[in-house]
Amino acid sequence: MNKLVKPTTLPPLNAARLREARRALVEDGQATPDLAACDPALIRSWQRSQAAGLTAVGRTSGTPHASALQLAQARELQHELVAHARPAMEFIYEQTRDSDSIVLLSDAQGLLLDTLGDTGFANRAERVALRPGANWHEQWRGTNAIGTALAEEQPVVVHGSAHYLDRNAFLTCAAAPIIDPGGTLLGAIDISSDHRQFHRHTLGLARSAARMVEHRLFETRHRDSLRLRLHKHREGIAGLTEGLIALSDDGWLIGANMTGLNLLGLARQDIAALRVDALFDVTLDTLHALGHASHGWPFEVRQHTGATLWVQLEAGRGGIEVMPNAKAPVLPPSPTPVPEASVDVERLLADCQGNVSEAARRLGISRTTLYRRLGRTLG
């Protein structure tokens, strides 16, 4: 006799039933039986879209689109996010290449800052404004992965007819929010493709990309802080799934990635509100002593719950600093090259405040040549 097994999740609705469930909710205020199969986050998004005055059919009017200058200014304002997101976007693109998909980055207001994807699908995507400068906030585009991930501050999938605007129903999209080390929502990273290309692993890729960006943002912001790498397993330290937290000199929690907060059972609001002795069953001095005794290797630390985490202590090792893409300054005409044999290279470098490129320019030689000259001088 076959045993009837109760499914743990409800089966997905087809496009027609999904559209009807949405229509009944937003137009008639009725909760149909099919609505029970919908993600609560999706239902909330439909309701927000309705409250914004959007209609599912036809084109929306007044949707903002940034000019080239406005987009450049927005990218400059978020240069750190854009710089660190690009390698993650390229990684995701390599996994999804030739699958008619596109990877997108938005800021916290839904403005698309960067895109990368297959040319054929990118051309189709541009017809619904999936291109830099377009705004995909729910207020303007209704339910969509980017806007809904930002509104809910959690990873989401919006597939086909789950989009509020019917004209976007040809898409399937997965997006994950990006949170900075101070707990502030910075933007979202999204993978969009034709709805016929839906794959359940896409959301996992978007989450991984967001995690990669958050990791790099942490390393940049707290390159000079006392940093703790955390994981439940020793072998997980320095991997993609590690938690990261930063402490001030007097032991206050001043930064973390989302994985670190989750490992410690904390919320984003706990950043700058707790000291290390509220996180672990040790003092700051004890933590330093354990780190010193471990000679840089991971060691175990007990939490107040009794659980233990592997911790690796780092301090002052530096990180990646991202500089804005400022316009190159107008330089005065190059002086007549000075014969390098007659120059005190170290003094010239000091006069140039350590700027090797400027010192090489004054000498009329390449940076490589100058480095060789410095090597001979210092050797």
Side-chain angles (χ1 to χ4, degrees), residues 12-15 18 39 41-42 45 63 65 71 75 78 81-107 110-138 140-152 154-178 186-216 240:
L13 301 178
N14 63 37
L18 192 60
D39 188 324
L42 184 62
S45 178
T63 304
H65 194 289
L71 177 60
R75 287 175 57 87
Q78 294 290 348
L81 171 63
V82 173
H84 286 309
R86 188 66 183 188
M89 294 174 68
E90 291 175 353
F91 169 78
I92 295 302
Y93 175 60
E94 286 300 317
Q95 315 311 308
T96 59
R97 184 192 293 271
D98 300 325
S99 63
D100 282 339
S101 61
I102 188 170
V103 187
L104 306 109
L105 174 72
S106 85
D107 67 10
L111 177 68
L112 298 190
L113 300 172
D114 200 4
T115 62
L116 179 66
D118 296 325
T119 304
F121 183 74
N123 292 335
R124 290 186 63 196
E126 285 194 0
R127 298 175 192 171
V128 292
L130 276 175
R131 61 181 184 271
N135 194 303
W136 280 76
H137 192 284
E138 280 188 342
W140 306 110
R141 308 283 178 182
T143 303
N144 70 89
I146 291 173
T148 304
L150 293 173
E152 295 285 330
Q154 67 179 32
V156 298
V157 172
V158 179
H159 176 64
S161 294
H163 287 86
Y164 190 82
L165 302 183
D166 285 346
R167 66 190 303 258
N168 295 331
F170 78 95
L171 296 167
T172 183
C173 311
I178 298 170
L186 280 188
I189 197 160
D190 168 278
I191 306 169
S192 293
S193 59
D194 187 284
H195 73 284
R196 292 167 294 187
Q197 302 292 333
F198 172 74
H199 200 292
R200 293 184 182 275
H201 293 320
T202 305
L203 182 61
L205 283 173
R207 282 173 168 159
S208 296
R211 186 176 290 171
M212 291 168 67
V213 179
E214 290 172 354
H215 197 291
R216 303 314 298 160
L240 183 59

What verdict does the side chain to side chain contact (heavy atoms under 4.5 Å, CB included) test give for L104 and S192, after you've listed the backbone C-alpha separation in whole Å, the side-chain angles of each residue and the deciding distance to 0.1 Å?
CA-CA 8 Å; L104 306 109; S192 293; 3.7 Å; yes
For E152 and S45, does a side-chain donor sit closer than 3.5 Å to a side-chain acceptor?
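The answer is no; no qualifying pair exists.
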If you compare all heavy atoms of [X] against all heavy atoms of [Y], which two are closest, and at what distance to 0.1 Å?
{"X": "L71", "Y": "G133", "value": "CD1-N, 3.8 Å"}
{"X": "Q78", "Y": "L113", "value": "CB-CD1, 4.1 Å"}
{"X": "V103", "Y": "I92", "value": "CG2-CG2, 3.9 Å"}
{"X": "V213", "Y": "A88", "value": "CG2-CB, 3.8 Å"}
{"X": "V158", "Y": "A145", "value": "CG2-N, 3.6 Å"}
{"X": "W140", "Y": "L165", "value": "O-CD1, 4.3 Å"}

Distance (rounded to the nearest 0.5 Å) between [X] [atom1] and [Y] [atom2]:
{"X": "I102", "Y": "M89", "atom1": "CD1", "atom2": "CE", "answer": "8.0 Å"}
{"X": "L171", "Y": "S101", "atom1": "CG", "atom2": "OG", "answer": "11.5 Å"}
{"X": "Q154", "Y": "T148", "atom1": "CD", "atom2": "OG1", "answer": "10.0 Å"}
{"X": "L150", "Y": "D107", "atom1": "CG", "atom2": "CG", "answer": "8.0 Å"}
{"X": "S208", "Y": "L240", "atom1": "OG", "atom2": "CG", "answer": "5.5 Å"}
{"X": "L111", "Y": "I146", "atom1": "CG", "atom2": "CD1", "answer": "10.0 Å"}

Test item: [X] and [Y] side chains (from C-beta on) under 4.5 Å apart, heavy atoms:
{"X": "T115", "Y": "L130", "value": "no"}
{"X": "D114", "Y": "R75", "value": "yes"}
{"X": "V157", "Y": "T202", "value": "no"}
{"X": "P155", "Y": "P177", "value": "yes"}
{"X": "L112", "Y": "R131", "value": "no"}

Under the ring-ring contact (aromatic ring centres under 6.0 Å, His included) test, which residues partner H159, sequence neighbours left out?
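In terms of ring-ring contact (aromatic ring centres under 6.0 Å, His included), with neighbours along the sequence ignored, H159 is linked to F198.
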Could you tell me whether E94 and R97 make a salt bridge, using a distance below 4.0 angstrom between a side-chain N and a carboxylate O?
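Between R97 and E94 there is a salt bridge, with a charged N closer than 4.0 Å to a carboxylate O.
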Is a donor on one side and an acceptor on the other found under 3.5 Å between the side chain of [X] and the backbone of [Y]?
{"X": "H84", "Y": "L81", "answer": "no"}
{"X": "N144", "Y": "W136", "answer": "yes"}
{"X": "H195", "Y": "F170", "answer": "yes"}

Quick one: list whatever passes side-chain contact (heavy atoms from CB on, under 4.5 Å) with A169, sequence neighbours left out.
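Once residues adjacent in sequence are excluded, the partners of A169 under the side-chain contact (heavy atoms from CB on, under 4.5 Å) criterion are S161.
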State which residues pass side-chain contact (heavy atoms from CB on, under 4.5 Å) with A210; sequence neighbours excluded, sorted by chain then number.
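So A210 forms a side-chain contact (heavy atoms from CB on, under 4.5 Å) with A176, I178, I189.
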